Amino acid sequence: MPPMYLFNTNSKLEKKQKKVIEVTSIVERVLCSINFRAVKINLPCKLLAVGSGLGSYGRNNICYIDDESSFYWIGVYISDMPCENNTWQENKIMDACKDCNLCLKNCPGGAIANDRFPIHADKCITLYNENEGGFPKWMNSSCHNSLIGCMRCQSVCPVNRKHVYNIEDIAEFDSRETEMILAGTQLDKLPETTYRKLDTINFVEDYNLLARNLKILISK
Ligand code: SF4
Ligand code: SF4
């Protein structure tokens, strides 16, 4: 799984998402210590990260922080802290993309365009495996590479080279648990230990997608 999915949540449920709660409490605590407040708000986070100078876009439309890695979750907060210098900048594409098309060549859906900046969202695997429903005919099993989302344009990117093997095994499901998941066992009928593992990998909210996404991955 791409790491940012550990924070994945519907905006209406984010007040219950453990990692979001953790980040929000740190932001609040830091600002509170200097007498300011912060409130989490849902605004286009990549656009704001790039506009504020925190990151740049890659050709794959993903935001890279400090031109160093795309493996981030971005949260947007508003604050009463005054903004004394206007650092807003035009959308910036990484210098590394100038002579590189590795993500374009490695994209299984052909979503990354050669002649325009926005990717073709309808050809991006994430549009389909993050949502319920079937997969389109053109998307054969070799396109799938992650329980949710897609890693192909990020794993091949030279900017991510330093971090791409920094993989953590955070939960392991035995064969019985895996079979129960594949059989579509209801969440409340799963053993408590299995539920906790699903919570650890942040798949409780998206449990309805898991059996389908896992089936297509192991059918390869
Ligand atoms: S793979 Fe190359 S073109 Fe694509 S985002 Fe990374 S540096 Fe840019
Ligand atoms: S996430 Fe996957 S399908 Fe989408 S642009 Fe990147 S490589 Fe292509």
Side-chain angles (χ1 to χ4, degrees), residues 1-11 44-75 89-168 201-203 205-206 208-210 212-220:
M1 281 170 58
M4 53 294 275
Y5 284 92
L6 293 176
F7 292 77
N8 205 29
T9 183
N10 179 310
S11 58
C45 46
K46 284 192 288 183
L47 188 69
L48 286 169
V50 174
S52 64
L54 193 65
S56 323
Y57 280 112
R59 188 194 262 256
N60 51 7
N61 292 192
I62 287 177
C63 177
Y64 288 72
I65 303 297
D66 288 339
D67 290 355
E68 197 187 283
S69 160
S70 61
F71 301 133
Y72 284 91
W73 169 79
I74 305 172
Q89 62 176 22
E90 290 298 307
N91 282 348
K92 205 176 131 217
I93 300 179
M94 288 191 293
D95 289 345
C97 299
K98 274 188 193 136
D99 299 310
C100 178
N101 64 359
L102 288 173
C103 55
L104 183 148
K105 288 202 286 192
N106 206 41
C107 172
I112 302 171
N114 217 352
D115 55 348
R116 64 177 216 186
F117 174 66
I119 65 162
H120 297 281
D122 60 330
K123 294 182 179 170
C124 182
I125 312 296
T126 61
L127 176 69
Y128 302 97
N129 70 14
E130 286 179 1
N131 292 294
E132 290 185 63
F135 295 120
K137 283 204 179 85
W138 57 261
M139 198 186 289
N140 59 38
S141 62
S142 68
C143 293
H144 298 277
N145 58 90
S146 177
L147 268 186
I148 189 161
C150 169
M151 280 292 285
R152 291 271 169 81
C153 58
Q154 295 179 83
S155 58
V156 77
C157 176
V159 180
N160 278 334
R161 194 171 289 140
K162 267 199 293 184
H163 306 280
V164 76
Y165 294 113
N166 188 6
I167 298 166
E168 235 182 288
I201 64 165
N202 195 31
F203 243 109
E205 201 179 311
D206 284 327
N208 55 334
L209 308 175
L210 184 56
R212 181 202 61 185
N213 289 2
L214 181 57
K215 266 181 209 160
I216 195 96
L217 269 184
I218 61 180
S219 72
K220 288 168 72 165

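Remember, it's 1-based here, ligands and their atoms both numbered in the order they're listed. All values reported here derive from a predicted model rather than from experimental measurement.
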Exercise for the section: Output yes if Cys100 passes the N/O/S-under-2.8 Å test against atom 2 (Fe) of ligand 1; output no otherwise. Expected result: yes
Handout entry: Glu205 versus Asn10, side-chain donor and acceptor atoms under 3.5 Å
Key =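 The criterion, which ignores hydrogens and geometry beyond distance, is not satisfied for Glu205 and Asn10.
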Answer yes or no: is there a side-chain heavy-atom contact under 4.5 Å between [X] and [Y]?
X	Y	value
Arg212	Leu209	yes
Cys124	Cys150	no
Ile62	Phe71	no
Ile201	Tyr5	no
Ile112	Asn101	no

Completion exercise
For Tyr64, the ligand 1 atoms with a heavy-atom partner under 4.0 Å come out as 5 (S), 6 (Fe)
Problem - Per-atom contacts, ligand 1 versus Ala96 - under 4.0 Å to a heavy atom - result: 7 (S)
Exercise for the section: Identify, with sequence neighbours excluded, every residue that meets side-chain contact (heavy atoms from CB on, under 4.5 Å) alongside Asp95. Expected result: Lys98
Handout entry: Set of residues satisfying side-chain contact (heavy atoms from CB on, under 4.5 Å) with respect to Cys157, sequence neighbours excluded
Key = Tyr64, Val159, Asn160
Give the residue and atom name of whichever protein heavy atom lies nearest to [atom], and the separation in Å to one decimal.
atom	answer
atom 4 (Fe) of ligand 1	Cys103 SG, 2.3 Å
atom 8 (Fe) of ligand 1	Cys97 SG, 2.3 Å
atom 6 (Fe) of ligand 1	Cys157 SG, 2.4 Å

Exercise for the section: Sort by chain and number the protein N/O/S atoms that are closer than 2.8 Å to atom 2 (Fe) of ligand 2, and list them. Expected result: Cys150 SG
Handout entry: side-chain hydrogen bond (donor to acceptor under 3.5 Å, both in side chains) partners of residues 49-58, not counting sequence neighbours, each pair once
Key =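 Sorted pair list: Ser56-Asp67.
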Fill in the blank from the handout: Short version for Asn61: what comes under 4.0 Å of ligand 2, heavy atoms counted, is neither
